[in-house]
2 protein chains.
Amino acid sequence: MEAPQNTKRTKASEPTLKRLPRYLHYLQKAQDKGILTISAPVIGKELQCDPTQVVKDLATTGVKGRPRIGYNIHELIQTIESFLGYNRANEAFLVGAGNLGMAMMSYPDFQRFGLKIVAAFDTNRDKIGRSRSGINILHMNKFQDLARRLQVRIAVLTVPHTVAQEVTDLLVASGIEAIWNLTPSQLQVPEHVIVQNTSMYANVTLLLKKLQEKDESESVQ
Amino acid sequence: MEAPQNTKRTKASEPTLKRLPRYLHYLQKAQDKGILTISAPVIGKELQCDPTQVVKDLATTGVKGRPRIGYNIHELIQTIESFLGYNRANEAFLVGAGNLGMAMMSYPDFQRFGLKIVAAFDTNRDKIGRSRSGINILHMNKFQDLARRLQVRIAVLTVPHTVAQEVTDLLVASGIEAIWNLTPSQLQVPEHVIVQNTSMYANVTLLLKKLQEKDESESVQ
DNA sequence: ATCTAATAAAGAAAAAAATCTTTATATATT
DNA sequence: AATATATAAAGATTTTTTTCTTTATTAGAT
């Protein structure tokens, strides 16, 4: 355990990390169909992206392919999953059992992607004691104690944005090291805490802007 | 209406488009506090991002600031909203009234960001006829007729990934031009159809990988 | 009125990412 | 066995995006 076999400390770029799960999803479907080997050009064609991009992305995981054959699909899946850390089950607490929180609880397969939501928290009395997809909803005042005792490092934040910052302060005080922020708020956190923002608004903006640009380019013609 | 006043056809970059809604959200909160003018360094400090980046992003919208003063916050908000097209109410149909679909229906303020979900569709009998946040849930077999009659161009896709492609084919056949894809599937669409992918899996992967890299860098020290 | 400091704006440089090109290799075909 | 071909892998180029630098402007202080 002293020397790492893989000296490939090739820190993958963010765009690459975002593409890898997509490849993985496609590869798993392909494997289910009984396919044994697959080439980068085929993946690129199917996922409508550049084949050399696929080769480059796969190369960062350290997997080796063979000319004229492609990659062994089983080995490829294993390597990507291991590279992304999907084998470890990272335990997480979800905070905010509203609509979005409930949706996240019943979102399928997070566990296959390395994330296991082990409990949910809210302050609404009507929700406490209930459960969703096997995840119990507890009162927020139990968060700090449980997070410390269970050594949970990750929180999924789905509270209303009006209370996002104050809840975040509690998470940080409870030892949370990584926050998946699904609120539109920009969270203030200490340097050692990781925040991953998933803004629905940014995405809807991008979509509408693309549509708008398409309209404009057509009207110009 | 013949010649456009703004010859600034500065097509904004994708990263810029994703940042603008964040600025907007912060600016609106600042405006509520009664602030009248604001400078890029202040925005940058508050949102912990580079001040020159903020200046560049704001410049693409065409807004003008004044040295030593900053930007008029009201004018700034107006300009960004107009640039992003938030004034127009783009009507959309939501397809798939499951957990995520319901969450999207009750997601606040989409309309402020230019998107108005006017109806939802599903095939589950238990859901049809009900409504959520004032949005009625209709049977999927009414989709094509309604989309055409109401000239709805945008669809929000929140169906299970197993049926994502076949539903997409129906959307396209119904004249839908833009799809906000919240399933993990890579959709096959004709060239003229715009797809915006929002993958929860890509985001969770990014978070876990960042945490993993942090752990590794600490253990190396 | 003049000077100073803060800041927008424009431009240059650097960094990052995507795309393109070349090379090498292994399989299938003749 | 020799050749052609598909493909991975490595490298080079181009493009995009971010960061840095410089310049110009303006409010406030002296």
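Residue B:Arg66 places no side-chain N or O under 4.0 Å from the OP1 or OP2 atom of D:dG28. Between A:Thr52 and the phosphate of C:dT19, there is no side-chain N or O to OP1/OP2 separation shorter than 4.0 Å.
Where A:Ala40 and A:Arg68 meet DNA chain D, the nucleotide closest to each residue was compared, and A:Arg68 sits on the side nearer the 5' end.
In this structure, A:Leu76 atom CG and D:dA8 atom C1' are separated by 13 Å, rounded to whole Å. B:Glu14 has its CD atom 11 Å from the P atom of D:dT18, to the nearest Å. Following rounding to the nearest Å, A:Tyr71 (OH) and D:dT7 (P) show an atom-to-atom distance of 11 Å. Atom CD1 of A:Ile73 and atom C1' of D:dA8 are 17 Å apart (whole Å). A:Gln53 places its CD atom 12 Å from the C1' atom of C:dC20, with the value rounded to the nearest Å.
The residue A:Ile69 sits close only to the backbone: its heavy atoms come under 4.0 Å of sugar-phosphate atoms, none of a base. Residue B:Ser13 is classed as a sugar-phosphate contact, given heavy-atom separations below 4.0 Å to backbone atoms only. When heavy atoms are screened at a 4.0 angstrom cut-off, B:Pro41 is found touching the sugar-phosphate backbone but no base atom.
A salt bridge between A:Asp57 and A:Arg22 is absent, with no side-chain N of the basic residue lying under 4.0 Å from a carboxylate O of the acidic one.
Considering B:Thr162, B:Asp169, B:Thr168 in turn, B:Asp169 is the only one that fulfils the side chain to side chain donor-acceptor pair (under 3.5 Å) rule with B:Gln165.
Classified by interplanar angle (parallel below 30°, tilted 30° to 60°, perpendicular above 60°), the ring pair B:Phe121/B:Phe143 is perpendicular. The aromatic rings of A:Tyr201 and B:Phe110 lie perpendicular to each other, with more than 60° between the two planes, well past the 30° mark.
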